[in-house]
2 protein chains.
Amino acid sequence: MADPTDVLEDIARPSDDEVRQHRLVVELIGLIGDRDAPGIRARLADEHPADIADAVEQLNTDQQDTLTELCPDLFTGEVLAELVDETRADIIDELEPEQIAEALEDLDSDDMTHVVEELDDATRAAVLAKVSDEDRQALEASLAFDDETAGRLMQREFVAAPSFWTVGNTIDHMRKAGQDLPDLFFEVFVVDEMYKPLGSVPVSSLMRCERDVLLKDLIIPAKVIIRPEDDQEDAAYLFEKYHLISAPVVDEAGRIAGMLTLDDIVDVIQEENKEDLLALAGVNEAGQADTVWSSVRARAPWLLVNLGTAVLASAVIALFDAAIAQLVALAVLMPIVASMGGNAGTQSLTVAVRALASRDLTTANSMRVVWRELAAGVVNGLIFAVVMGVVAAVWFNDFALGGVIAVSMVITLAAAGLSGILIPLGLRKMGADPAVASSVFVTTVTDVVGFFVFLGLAAIVLL
Amino acid sequence: MADPTDVLEDIARPSDDEVRQHRLVVELIGLIGDRDAPGIRARLADEHPADIADAVEQLNTDQQDTLTELCPDLFTGEVLAELVDETRADIIDELEPEQIAEALEDLDSDDMTHVVEELDDATRAAVLAKVSDEDRQALEASLAFDDETAGRLMQREFVAAPSFWTVGNTIDHMRKAGQDLPDLFFEVFVVDEMYKPLGSVPVSSLMRCERDVLLKDLIIPAKVIIRPEDDQEDAAYLFEKYHLISAPVVDEAGRIAGMLTLDDIVDVIQEENKEDLLALAGVNEAGQADTVWSSVRARAPWLLVNLGTAVLASAVIALFDAAIAQLVALAVLMPIVASMGGNAGTQSLTVAVRALASRDLTTANSMRVVWRELAAGVVNGLIFAVVMGVVAAVWFNDFALGGVIAVSMVITLAAAGLSGILIPLGLRKMGADPAVASSVFVTTVTDVVGFFVFLGLAAIVLL
């Protein structure tokens, strides 16, 4: 335990944090270069596991390997739990199963699961063979639930009390349980005689009440019941909506089996946000630990799909090659129509994906939103029809050409607005993730519509 | 207080939540249509403020106005605090300053600020004149801090204790303070004699220790000190990094002035994620409450910028109109090169923006990431050079044309990778938000490079 009067020097200010962290990385790289194991240990001794993990992630793969070889003991359970998946996998490859098992011992069951779930089958079996029987059973039970479910995410340590207990009973019970309680908890779950949750009492309420107050007079009725098989994203949504700080997870019989806490939910929220953002951009998955090859693997599949749709759009252009040969201005102007359509479609799509993710877009209001998107597309289409019509007419000194691009702009931007909302809604209805494939469908629609309408109208009107 | 044995029926399951909420909206619309004020009050009596707010957001503007007119008392402080900004502004327009002031009374200082900060100046002054002196002083102090700072976000209610107190002293103090304590708190901040924070003791630690244990033996040294003027995004980053549940905010003299809690930080995280996602898609701001006009206003500015860059790309094409007139295949194929470049650039850019936001991309590793992006661009360029080269050669039965598009693909995708990382890094260095303007710069680069290289090479090699 640090002397409390010393700690002020050691404190992170937001503005200093990046500087501090940068200095740590630079010094660590120097010490690794010197293969100075005692120096590394001394430098990292007082650092928070999150800072150590962040610094390790900034090293290149060779430096990470050297560090693991020199100081395998640095990788405590807390440091491992803080690392991003890719880096942790690399580090764990260099550790012995005994070292991993030992590192796991100081973790709560949820963090333990988080580390073990990413191990390959052989390493996982070797590690499970080395942990205590109790930990192994807890791990096997957690791993039996699907990835990204509440069952995987929950911790098995929680505090429950019957509703007829008093505040005093509850405090006495907790004092006696001592180290068997979770490291941190924020609510006592109040249960009936079958261990079913009735609600919760915030620990802060226990603190401010007299010892003879009954729990049932303090209870906040349970607003949410989460089951182990529920998707972690659904659980996160309920936490956010009801501003929960923790929530019980109940088994099939309705009994409490574990607890989710807001700090774990924050990780889920960030993970889901990252997934949506990258999916919209057509990146399968990527972390900072990514090498060139994993970047290529994450991106090439969607580039291939994009190539297919780009060839399809080109086939539309090829239908009108005679018109283009007659009037080259068409080739000059056609990318403008497609580009505006693609942009407007991406705008609608992104708003729709976000509204679906935050559940602001529901069956109750979807028709209204579809009309709004169509109308916004038409209005923007009219605005840019005027602008681009004038530009084209002046540029090529051809009013009919200006008229053609103006009409094409309205139709393409209306199609963009409509496909930007209908495609994600349709994917959602089919049970697919609207973030993943929407972009490519929407830009296919806008490219094909844009080229076809512009070149087709031009062929009819101008030639 | 509900009888605890009743609450089970009322509990939200993730899978049921949407159904329940949909039913509520449908019934509410019916009751509003009937102008049945008592029916509305009865229907909403047992609903959580978050559910009421969600239902109100699903109504159209007319229905919202009718509801506010019929039952202004429905809009308690908690319901107002839950509403999205646009809807809250509409509702508040219909309420009297007295009604708003009354609604605010049951809120903690942070939620009160959250509602008041969005009011226009006249309404704000009228509301401030109606609240209690104490609330007005707290509000004015909060509003003196800039928007999106820790000072705005913090609550002024918190629990602090000197390090020489025992667990027993602390519990006794809290029992005595009772209702003056914040509604919910998770940590007691331990302070020195100058009221400077030394660290914190989780309330759950107080619960499990004997009454004679000293706070200084339980203290978790302060890892983070946040000042009122710090950006809320920086505070959120520290919460996430160190898994904080609450943190003190200190004034210039280093004394605790308020507290940030994780549930408020979750809102900040979601807001920042939403901003990044929409900014990348070129949408200024949008909520579900948006009308057609506000959607147009949010999107037209970026469409205008896009039009400018599209015209620039067209000007590049126009340089080569003679070549296109000679070989129409160039017009057919050129959008493929530009489309692939745009996609690859967006992929790099999105990965970079996310890495900057999560601070995985730092000065320590930025050169490595730039090389990775360039290399990934070249590798993807080579892959799609082969694919597209073969497709073009077969399609137009012209091997030289296949060669030209292959070389253009490598150069364009390399430029895409490089601009996708350098442009956000550059914007960041200049103090701009890399999410906001990167997209348009990157696609300008990829369009111009794609068209110029493909048409230029074709003009040299093929004609």
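Lettering follows sequence order; numbering is per chain, from 1. Remember, predicted model here, so these are calculated numbers, not experimental data. When reading the values below, keep in mind they use all heavy atoms of this one structure, side chains included, and skip hydrogens, waters and symmetry mates.
Between B:His48 and A:Val224, every side-chain heavy-atom pair lies at or beyond the 4.5 Å cut-off. Contact of the B:Trp293 side chain with the A:Val379 side chain is registered, since non-hydrogen atoms from C-beta on lie closer than 4.5 Å. The side-chain heavy atoms of B:His243 and A:Val266, taken from C-beta on, include no pair separated by under 4.5 Å.
In this structure, the portion of A:Ile383 lying under 4.5 Å from any heavy atom of chain B is its side chain and not its backbone. Looking at B:Phe239, there are no atoms closer than 4.5 Å to chain A (heavy atoms on both sides), in backbone or side chain. Contact annotation for B:Gln326: neither backbone nor side-chain heavy atoms come within less than 4.5 Å of a heavy atom of chain A. Both the backbone and the side chain of A:Val296 come within contact range of chain B, each with at least one heavy atom under 4.5 Å from a heavy atom of that chain. Looking at A:Phe185, the atoms closer than 4.5 Å to chain B (heavy atoms on both sides) sit in the backbone and in the side chain alike. For A:Tyr237, the part lying near chain B is the side chain, with the backbone staying farther off; criterion is any non-hydrogen pair under 4.5 Å. With a 4.5 Å cut-off on non-hydrogen atoms, A:His22 touches chain B through its side chain but not through its backbone. Residue A:Val332 touches chain B through both its backbone and its side chain, counting heavy-atom pairs closer than 4.5 Å. Neither the backbone nor the side chain of B:Ser439 comes within contact range of chain A, judged by heavy atoms closer than 4.5 Å.
Minimum heavy-atom separation, A:Pro335 to B:Met334: CG-CE, 4.3 Å. Closest heavy-atom contact between B:Asn306 and A:Met340: ND2-SD, 3.3 Å. The heavy-atom pair separating B:Arg208 from A:Pro182 by the smallest distance is NH1-O, 2.8 Å. In terms of heavy-atom proximity, B:Val292 sits nearest to A:Ala375 at CG2-CB, 3.6 Å. Nearest approach of B:Gln347 to A:Gly282, heavy atoms of both residues: NE2-O, 2.6 Å. Considering every non-hydrogen atom in both B:Trp395 and A:Ala318, the closest pair reads CZ2-CB, 4.1 Å.
The residue among B:Ala50, B:Ala313, B:Pro202, B:Ser358 with the most heavy atom pairs within less than 4.5 Å of chain A is B:Ala50. Counting heavy-atom pairs closer than 4.5 Å to chain A, the top-ranked of the candidates B:Ala310, B:Ser314, B:Ala376, B:Ala331 is B:Ser314. If you tally non-hydrogen atom pairs under 4.5 Å between each of B:Leu333, B:Asn60, B:Asp263 and chain A, the highest count goes to B:Asn60. No other option in B:Asp447, B:Thr350, B:Val188 has as many heavy-atom pairs under 4.5 Å with chain A as B:Thr350. Ranked by heavy-atom pairs under 4.5 Å with chain B, the list A:Val25, A:Thr346, A:Ile269 is led by A:Ile269. Counting heavy-atom pairs closer than 4.5 Å to chain A, the top-ranked of the candidates B:Ser339, B:Ser205, B:Gly342 is B:Ser339. With respect to chain B, the highest number of heavy-atom pairs below 4.5 Å among A:Val26, A:Asp54, A:Val387 belongs to A:Asp54. Considering only heavy-atom pairs separated by less than 4.5 Å from chain B, the leading option among A:Ala325, A:Ala322, A:Ala300 is A:Ala300. Between chain B and the options A:Leu307, A:Asp267, A:Ile171, the largest number of non-hydrogen pairs under 4.5 Å is found for A:Leu307. Residue with the most contacts toward chain A among B:Val391, B:Leu280, B:Thr170, B:Leu304: B:Leu304 (heavy-atom pairs, distance under 4.5 Å).
Salt-bridge annotation for A:Arg359 and B:Glu57: absent, with no side-chain N of the basic residue lying under 4.0 Å from a carboxylate O of the acidic one.
Residue B:Trp302 holds its CH2 atom at 14.5 Å from CG of A:Asn380, rounded to the nearest 0.5 Å. The line from CD1 of A:Ile317 to CD1 of B:Ile336 is 7.5 Å long, rounded to the nearest 0.5 Å. Rounded to the nearest 0.5 Å, atoms CD (A:Gln270) and CD (B:Gln270) are 7.5 Å apart. Rounded to the nearest 0.5 Å, atoms OG1 (B:Thr261) and CD1 (A:Ile245) are 7.0 Å apart. A distance of 5.0 Å separates CG in A:Leu303 from CZ in B:Phe384, rounded to the nearest 0.5 Å.
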Derivation and outcome, side chain to side chain contact (heavy atoms under 4.5 Å, CB included), residues A:Arg354 and B:Asn273: CA-CA 10 Å; A:Arg354 216 211 118 260; B:Asn273 276 316; over 6 Å; no

Full working for side chain to side chain contact (heavy atoms under 4.5 Å, CB included) between A:Met388 and B:Val311: CA-CA 9 Å; A:Met388 195 56 220; B:Val311 169; 4.2 Å; yes

Candidate pair A:Lys241 and B:Glu82, rule side chain to side chain contact (heavy atoms under 4.5 Å, CB included), full reasoning: CA-CA 9 Å; A:Lys241 177 169 176 181; B:Glu82 295 283 349; over 6 Å; no

A:Gln21/B:Thr362 under side chain to side chain donor-acceptor pair (under 3.5 Å): CA gap, chis, key distance, verdict: CA-CA 10 Å; A:Gln21 189 67 24; B:Thr362 63; over 6 Å; no

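One N or O on the side chain of B:Arg175 and one on the backbone of A:Cys209 form a donor-acceptor pair closer than 3.5 Å. No donor-acceptor distance shorter than 3.5 angstrom exists from the side chain of A:Gln58 to the backbone of B:Leu361, with no hydrogens or angles considered. Between the side chain of B:Arg299 and the backbone N or O of A:Asn343, no donor-acceptor pair lies under 3.5 Å.
For the side-chain contact (heavy atoms from CB on, under 4.5 Å) test with A:Ser204, the passing option among B:Leu181, B:Val159, B:Leu184 is B:Leu184; the others fail.
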